[in-house]
Structures are given as C-alpha cells and as structure tokens.
Number of protein chains: 2
Amino acid sequence: MANNITIVELAAALGLSKSTVSRAFRDSEDINPKTREKILQKANELGFSPNLYASNLRGNKSHTIAIIIPEFGNKFFSQAIKGIEWVARNNGYHVLIYVTDHSAEKEADIIRTLVNGRVDGVIMSGSGEGNNHEYLKLLQNNKVPLVFFDRYYEDVPTACITGNDFESSYQATKHLITNGAKRIAYLAVNKDVSIGKIRMEGYKKALEEAKLPINEQLILDTSNDVHVNYQDIKTLIQIQHPDAIFASVERLAMSTIRVARELHLTIPNDLKLICFSCLDIADMLQPSLSVVKQPAYEMGIQATSQLFDILCGRKPDGIRNLLFLDSELIFQHSSRKV
Amino acid sequence: MANNITIVELAAALGLSKSTVSRAFRDSEDINPKTREKILQKANELGFSPNLYASNLRGNKSHTIAIIIPEFGNKFFSQAIKGIEWVARNNGYHVLIYVTDHSAEKEADIIRTLVNGRVDGVIMSGSGEGNNHEYLKLLQNNKVPLVFFDRYYEDVPTACITGNDFESSYQATKHLITNGAKRIAYLAVNKDVSIGKIRMEGYKKALEEAKLPINEQLILDTSNDVHVNYQDIKTLIQIQHPDAIFASVERLAMSTIRVARELHLTIPNDLKLICFSCLDIADMLQPSLSVVKQPAYEMGIQATSQLFDILCGRKPDGIRNLLFLDSELIFQHSSRKV
DNA sequence: TTGAAAGCGCTAACAG
DNA sequence: CTGTTAGCGCTTTCAA
C-alpha cells in the first residue's frame with residue numbers, strides 16, 4: 001500500500017514547495033543542484049518515494065509491459081521471458097506476466113484488462129483457436145503496441161519475431177527421410193496458430209520432394225490435455241505404424257517417448273523421433289533427443305527491443321513486419337539410422 | 001497509453017453524472033440495474049474502460065503483486081510461478097515478475113522500485129548473499145506484505161512456505177548410504193540462504209547417524225556460473241573420488257552428469273547421484289535420475305494464498321510463520337546399488 | 001531558480 | 001437511486 005508520506009509533507013519538512021520537490025525527482029534542470037541534493041537526502045531519510053499512480057495519472061504512462069503466453073514450463077518460454085525481462089529492466093520497465101493455458105478466451109480477457117493504461121506495450125505468443133482476433137483491435141485503439149514472438153496471427157498487422165520454422169521443419173523431416181524413414185507422422189499443435197501451419201508445411205514439402213505420400217492419417221492434431229495426447233499418440237502408433245515421428249513441440253515428443261516405452265518400441269530402432277525443443281539436456285535423454293532448437297532468449301530480446309523501438313517512436317506501430325531467427329538443428333541418436 | 005475517453009465524456013454521452021457511471025463499474029449496489037446495463041453497453045460501444053491509475057490513486061491499491069526469484073528456467077520456479085499466477089488471477093490480481101540472477105544487490109534494487117505503491121504484496125524466493133536484509137524493512141514500512149517461498153531469510157519475520165528440506169535431505173543421503181555409498185559429496189548452493197544450510201544439515205545428520213565422517217573436502221560451495229561449477233565438480237571428483245553425490249539443486253546434478261561423462265565414469269556404478277529437482281522427465285534421463293521433488297506448484301499456491309490472507313486482513317503481517325510442504329522422494333537408477 | 005495553482009480521471013461521502 | 005463536491009498525490013504551466 002502506497003507510502004504514507006507525500007510530496008507535500010516532504011516539502012513542508014524542508015520548507016520548500018511541492019513543485020520544487022517534484023522537480024528533484026524528475027530530470028528537470030530547473031532546479032538548484034544543491035536543493036535537489038538536500039531534497040533527495042531528506043527523502044531518503046524519511047523513506048519517501050513519489051507515488052507511482054499519481055505520477056502515471058499525470059504522465060499518462062505506466063513503464064510496464066505485459067507478456068502473454070499460452071503455456072509455461074518449457075524451456076522455450078522460460079528463456080524467452082528471461083530475455084524479455086532483461087531488456088525491459090534495462091529500459092527501466094516492469095514486466096507483467098499472463099498465462100492463457102492455450103485459451104483464446106482467456107487471452108481476450110487479459111487483453112481487456114490491459115487497455116486501461118496498465119501497460120505501455122504487449123509481447124505475446126498467440127494462443128490460437130478461432131480466428132476472430134477482433135479483441136486485439138482494442139490494443140490498437142488504445143495505442144498499446146503489440147509484438148508477437150513465436151506464435152503469431154497472420155491477420156494481425158504488427159511486428160513479429162519468429163523462427164525459420166518452415167525451413168527447420170523441412171530440414172528435420174528431410175533428415176528423417178535420409179535416415180531411412182518412410183512413414184513419418186507429424187504431431188501438430190493447434191493448426192490455427194502460425195507455427196501449427198508453417199511447421200507442417202515444411203514437413204509436407206520434404207515428403208513431396210522425396211516423393212513420399214502425404215498421408216493425413218499420419219498427421220495428428222493434438223489437444224492441450226497431456227492424457228488425451230498420450231492416448232492419441234498411442235493409437236496413432238498402433239494403427240498407423242509410423243517409422244518416425246516429428247513433434248512440433250517438446251511436450252508431444254515427451255509423450256511419444258513414454259508411449260514408445262509402454263509399447264516396447266525402441267527409439268530409434270523401431271521409431272525415430274525429432275522435435276522442436278529448447279531443452280538443454282536433450283543429449284542426456286535415453287536416447288539422446290534430436291531437436292530443432294529455437295533461439296528463445298534471443299527471440300525475447302529482439303521482440304522486446306522492437307517493442308521499445310515502437311514505444312520510442314523509432315518505428316511505426318501497426319505494420320506487419322516479420323523477423324525470422326534461425327533455429328539450430330541438433331541431430332542426436334533419436335533420429336539416426338541404426 | 002491510457003484510454004482517450006474518460007468517465008466524464010461517457011457520462012455526458014448518456015446524460016448522466018460521472019458518479020453514476022463510476023458506480024456502474026464498481027460492485028456498488030446503489031445503482032439501477034437498467035442504468036448500469038445502459039452504461040456498460042455504451043462503454044463497450046465507445047471502447048471505454050476506467051483509467052487504472054486514477055482508480056489506484058483514489059483507492060490506494062494496485063491489485064498487483066510481485067514475484068522475485070533468483071533464477072529462471074528450471075521446472076521448480078516455472079511451476080511455482082504458475083501456481084502464483086493462478087491464485088493471483090482468481091483474486092483479480094496482476095503479477096509482476098523479477099529475476100535477480102542470484103544478486104542480492106539486484107534484489108534490493110527491485111524492492112526499492114516496489115514500495116511506491118506499485119504492488120500490494122511481494123512473493124519472493126531469496127537470492128541470498130550477505131546477511132544485511134535491511135532493505136526488506138522498506139516493504140514493512142510501506143505496509144507491503146512479503147511472503148517467502150522456498151528460499152527465505154531467517155532474520156526476516158514473515159510468512160514462508162518451504163519444503164521439508166531437512167528431512168528430505170536426510171532421507172536422500174540415507175538412501176545413498178543404504179545403497180553402499182561411503183564417500184558422499186554434497187554440492188551446496190549459497191550457504192547464506194536457508195536451503196543452502198538446511199539441506200546440508202540433513203545430509204550431515206545422515207552421515208553422523210551412519211557413523212560416516214563429515215569431510216569438509218567433500219562439501220562444495222558452488223557459484224552461479226555454470227562453467228566454474230563444472231570445473232569445480234570435476235576437480236572435486238578427480239581429487240576426492242566420492243562414490244556418490246548429493247546435489248542440492250538440479251543444475252548441479254546436470255553438471256555432474258556431464259562431468260561424469262567426460263571422465264568416463266558410469267552412474268551409478270562409479271558414482272551415485274541424487275538431487276533436488278522438479279524435472280518431469282527425470283525418468284527419461286540416462287540413467288534415470290533419483291530426485292527429491294518439491295511440490296512447486298502447491299508452494300506457489302500456498303504462498304499466494306497466504307499473501308492474500310494478509311492483504312485481506314485474515315492474518316497479521318510481519319509474523320514469522322513457516323509452513324513446510326512435503327517433498328516426494330523418487331529413487332530411480334542414478335542412486336541405486338549396482 | 002522557486003512557488004502558486006490548475007488539473008490528470010476517478011471515487012466516495014453527502015445530500016437530495 | 002442519482003448528482004454534487006471535494007479531494008487522491010503528483011506534474012506542469014505560468015508568474016514571480
């Protein structure tokens with residue numbers, strides 16, 4: 001709860017006016033350095049600091065940004081947030097965090113709480129579902145710039161930092177083919193989000209190029225429920241007998257490993273596996289896991305830098321502007337020919 | 001940037017007074033439901049929402065809490081934050097996040113930015129270093145309650161949710177002994193923080209009970225630099241030849257696995273390993289990793305609930321109050337007798 | 001260089 | 001149930 005002592009009391013204690021005290025806390029040069037010194041010292045002594053809400057109300061800005069992400073817990077988002085927090089702090093900004101659990105509805109709710117001045121900008125990885133992104137207009141109407149990272153909506157014109165997912169998916173799939181795979185299953189996340197679609201297109205391109213059939217039975221659209229996914233993956237493997245799996249996100253690969261274990265299938269002998277993941281211990285898994293590793297931290301840094309570019313007027317808002325950062329392909333045992 | 005349209009304009013557009021409009025947005029019952037409906041509808045139409053900073057300035061509260069943690073990226077903190085965010089949102093609160101990189105100085109800096117009304121409460125896992133926690137008095141002076149989770153400072157009287165670390169460490173060490181270990185090394189984090197000390201005490205108790213010597217050479221106080229730790233662990237193993245290692249945090253166990261690999265030591269044959277970790281794929285590692293698994297999500301939930309208890313006056317602030325949540329001991333291959 | 005005064009947009013008595 | 005009014009604590013002209 002805000003400070004008890006106010007600028008008026010501080011001023012009184014010093015025999016000055018509140019305007020002078022106020023100046024001491026701004027970058028104002030209209031003040032005698034000695035006076036400022038005296039004020040700052042007294043403030044420190046009395047434990048005074050200017051009330052944030054009064055300042056913001058006058059100044060009309062919050063020095064706060066929001067991060068909105070669909071899930072929390074994998075290395076990708078952890079790293080990205082770390083980057084975001086770092087840049088924000090260096091710019092004297094604070095960071096609010098929101099998790100949607102992949103619910104577009106929650107996403108919309110959150111957005112609605114942000115347009116009353118709470119934040120100066122938003123960095124978001126989209127939760128997908130539906131394609132009505134009207135609520136994002138709220139941000140625009142309130143001049144709150146938005147920057148996407150990783151998962152963006154194609155119909156929303158704004159800056160966006162993402163991976164070179166088409167190319168990586170293509171390369172990853174090609175790698176599986178090179179290693180002898182012929183029936184490669186693709187585990188998709190939400191096809192409504194950019195990455196759901198694009199990663200799949202890379203996969204399809206590799207198949208086409210190798211003259212392998214694109215079998216829709218081998219493409220599994222997954223949910224956000226880990227148990228449902230487990231069952232679906234199990235069924236897919238039992239019925240379709242793929243010889244390789246390309247998981248578009250880490251958690252699907254983990255479920256795959258558990259299913260394989262239950263079905264007594266050996267990776268990579270019976271089933272090859274590769275996935276998108278930022279796990280730093282992929283090489284310690286049994287078997288070591290082949291991954292497409294996105295530069296998560298860098299993505300966070302870039303997204304936030306772009307947001308500040310917009311906030312500082314160095315770049316315009318509301319312009320579609322995609323920046324692709326290269327992922328690293330790390331081939332280990334899980335995808336290798338045996 | 002805040003909304004352009006104000007409560008006054010909305011009132012004008014409806015031919016009402018601004019107090020009536022204000023009431024429509026509070027839980028006030030002093031308003032005709034029909035009027036409220038009309039107001040809310042018009043507000044929606046005009047894209048109005050009450051300016052946050054004006055409300056906060058009047059109401060003297062921010063509906064925001066802060067999380068301060070030393071590091072970011074391991075499952076423990078991810079899960080805890082998830083719990084915190086969940087409870088906060090259910091209470092209509094927003095969550096600011098701050099990472100200190102284990103720097104007590106940064107921690108103090110952050111605290112200083114929080115006492116101007118920015119937050120109503122703070123949830124923190126201490127970064128340790130030094131034992132001058134004077135800066136935390138700032139919070140108390142400004143009536144901003146603080147709740148610790150996991151890593152607390154013993155000299156700060158406040159609520160604290162942590163694991164039953166003494167018991168878990170004791171059990172984990174005992175387990176290593178039962179499985180034949182005689183020279184058990186302990187990898188400590190910062191001994192200034194509660195967990196650094198307490199986890200080590202559990203380790204020592206188990207040794208004493210088994211009449212094994214407590215060898216300070218086998219206790220490694222680690223830094224926050226992964227490379228330095230790697231070297232130190234390597235040196236420890238090469239010179240002291242421990243037959244087991246108890247790592248007090250996950251990342252130290254990961255470094256140990258890498259060192260063992262470099263030195264061609266097999267786990268658990270040449271070296272047994274157990275550690276504190278919330279990793280959900282500990283069983284997929286090679287070898288599967290024995291862990292002390294703290295209820296991270298639950299800890300976040302409990303810490304935040306307690307904070308709200310204090311905020312709502314259901315509990316007093318500034319009282320030392322430790323709550324211990326039981327960890328789960330999961331023994332897998334890395335610590336087993338061969 | 002400092003002070004006086006007018007709000008920022010909203011809330012909460014109080015009166016009607 | 002609705003309107004009037006007096007601030008919340010600060011910033012920022014404008015005048016001194």
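Remember, it's a predicted structure, so these values are computed and weren't measured experimentally. Residue numbers begin at 1 in each chain, while the letters A, B, ... track the order of the sequences. Keep in mind that the numbers below use all heavy atoms, side chains included, and drop hydrogens, waters and symmetry copies.
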Nucleotide N/O of nucleotides 12-16 of chain D paired with protein N/O under 3.5 Å:
unit_1	atom_1	unit_2	atom_2	d
D:dT13	O4	A:Arg23	NH2	3.3

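The side chain of B:Leu16 lies closest to D:dG3 when the candidates are C:dT2, D:dT11, D:dG3.
One can place CG of B:Leu10 at 15 Å from P of D:dT2, the figure rounded to the nearest angstrom. Here D:dT2 presents its C1' atom at 17 Å from CZ of B:Phe25, a figure rounded to the nearest Å. A straight line from CD1 of B:Ile31 to P of D:dC1 spans 9 Å, rounded to a whole angstrom. What separates CG of A:Leu52 from C1' of C:dC8 is a distance of 14 Å, to the nearest Å.
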For this session: Might you work through the salt bridge (Lys or Arg N to Asp or Glu O under 4.0 Å) test for A:Asp30 and A:Arg23, ending with a clear yes or no?
Result: CA-CA 7 Å; A:Asp30 284 357; A:Arg23 284 184 189 104; 5.1 Å; no
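Among residues two or more places apart in sequence or in another chain, the side-chain contact (heavy atoms from CB on, under 4.5 Å) test is passed with A:Glu37 by none.
Between the B:Glu107 side chain and the B:Ser127 main chain, a donor and an acceptor come within less than 3.5 Å of each other.
Across its full length, the helix from C:dT1-D:dA16 to C:dG16-D:dC1 shows an angle of 30° between the axes of its 5 terminal pairs at either end, rounded to 10 degrees.
The residue among B:Leu57 and B:Asp30 whose nearest nucleotide of DNA chain C is located toward the 5' end is B:Leu57.
Here the side chains of B:Ile69 and B:Tyr98 are not in contact, with every heavy-atom distance at 4.5 Å or above.
Distances shown here put a side-chain N or O of A:Thr35 below 4.0 Å from the OP1 or OP2 atom of C:dT2. One finds a side-chain N or O of A:Ser17 lying less than 4.0 angstrom from the OP1 or OP2 phosphate oxygen of C:dG3.
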